[in-house]
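All ligand and atom numbering here is 1-based and tracks the order in the structure.
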Amino acid sequence: MKNLSILGSTGSIGRNTLKIVEMFRGRFEVKALAAANNVELLARQIETFHPEIAVVFDENRALELKNVLPSGADVEILHGEDGYRAAATYDSVEMVVTAMVGAAGLMPTLAAIEAGKNIALANKETLVMAGEIVVKKAAEKGVSIFPIDSEHSAVFQCIAGHRREDMDKILLTASGGPFLNKPANEFVSIKPEEALNHPTWQMGKKISIDSATLMNKGLEVIEAKHLFGVSHDMIKVVIHPQSVIHSMVAYRDGAVVAQLGIPDMKGAIAYAISYPERLPLKQLIPDFVNIGALTFQQPDLTKFPCLALAFKACEIGGTMPAVLNASNEVAVEAFLDKRISFTNIPELIKNTIEKHSSVKNPTLSDILEADKWGRKTVEELIKGQGMDG
Ligand code: MG
């Protein structure tokens with residue numbers, strides 16, 4: 001029996017993790033659940049999985065949760081950052097699934113590592129912002145980080161049984177998102193609804209927009225750098241619209257090992273929480289005959305400047321990736337709120353990272369400071385340029 005804490009239980013990854021727990025009731029027990037604010041769904045999850053503690057970020061929402069639960073429900077309700085920390089470090093928990101959205105994932109993930117919990121990592125922003133610190137702390141504490149991001153899960157599977165020094169390149173595949181074939185001159189009029197409509201993967205809002213701008217792939221490049229301890233120039237991005245190959249690793253003898261499957265996050269989640277065992281998920285295998293051809297393209301960095309910006313931030317390192325991430329989060333939020341256009345997203349990120357002088361070998365407080373600075377700077381740019389007027 002493995003005791004889990006799931007941070008971000010009402011999001012897409014959280015819900016899929018609970019589906020797996022439900023399929024394999026004898027193997028996993030849910031001790032803690034934490035959600036941002038979806039009280040209705042969290043209440044149902046509590047009734048199904050009986051965690052010992054449940055956390056909602058907002059205090060008022062925590063009160064609402066208490067009111068929705070049947071009286072006598074045997075669960076401690078907590079809120080805020082302290083609540084998240086409690087769920088991340090809960091005594092009987094062996095593994096923490098970190099599936100919160102964005103920068104909010106960093107502190108709870110670090111707390112879980114500090115407490116010696118293994119991590120099933122879906123929150124890539126944690127590594128983007130503070131990869132060096134997180135990886136070093138995990139090594140210090142003897143903690144394993146199992147990737148849930150499908151590309152990184154694929155790489156993780158492709159390196160098993162191979163010598164690290166034989167690795168030549170990591171090839172991260174990208175579907176290209178909903179606008180792969182849209183002419184660049186139509187990008188300015190893209191609406192949030194169109195950007196949320198991903199061709200192959202079902203995901204949350206923030207990551208869907210990141211996939212449409214290719215920033216998601218850029219963040220994944222930085223994530224891969226830290227997770228697999230490689231330099232940025234060992235990571236290449238290949239557009240692969242069918243999303244059947246989830247990523248590949250090339251070795252110095254020219255051999256390329258790929259991991260394939262249908263685009264469903266359950267595979268990567270199950271592997272992360274049950275490693276090294278492969279659970280009998282009864283997933284379909286890709287219908288290769290019907291798919292017919294697997295195709296590949298070079299990413300278009302002019303049409304998708306976010307990917308180029310992420311490569312640049314990855315190369316600079318220090319606090320730059322945290323600023324990239326912060327400016328992206330604010331820009332995506334503003335786009336979803338219809339305050340700015342789709343093409344404003346990379347413009348704002350570019351202008352923000354150009355203003356930032358990166359701190360080398362940053363401490364955690366340097367990173368949090370850079371994150372705050374990045375957010376403030378984008379807001380000022382939006383207001384200053386009258387983008388939201
Ligand atoms: Mg991914």
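Screening residues 283-303 for side chain to side chain donor-acceptor pair (under 3.5 Å) gives Gln242-Thr295 as the qualifying pairs, with residues at least two apart or on separate chains. Sequence neighbours left out, the pairs with a member in residues 154-179 that pass side chain to side chain donor-acceptor pair (under 3.5 Å) are Ser153-Gln157, Gln157-Arg278, Arg163-Asp166, Asp166-Arg252, Ser175-His198.
Taking the six-membered ring where the residue is Trp, the centroids of Tyr275 and Phe156 are separated by under 6.0 Å.
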Give the table of side-chain donor-acceptor pairs shorter than 3.5 Å for residues 312-323, with sequence neighbours excluded, one pair per line with atom names and distance.
residue	atom	partner	partner atom	Å
Thr319	OG1	His356	NE2	2.8
Thr319	OG1	Val359	N	2.8

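The Mg ion (ligand 1) has Asp149 OD1, Glu151 OE1, Glu220 OE2 as protein N, O or S atoms under 2.8 Å away.
Inspection of the Asp210 and Asn328 side chains reveals an N or O donor paired with an N or O acceptor under 3.5 Å. Under 3.5 Å, the side chains of Glu194 and Asn197 contain no donor-acceptor pair of N or O atoms.
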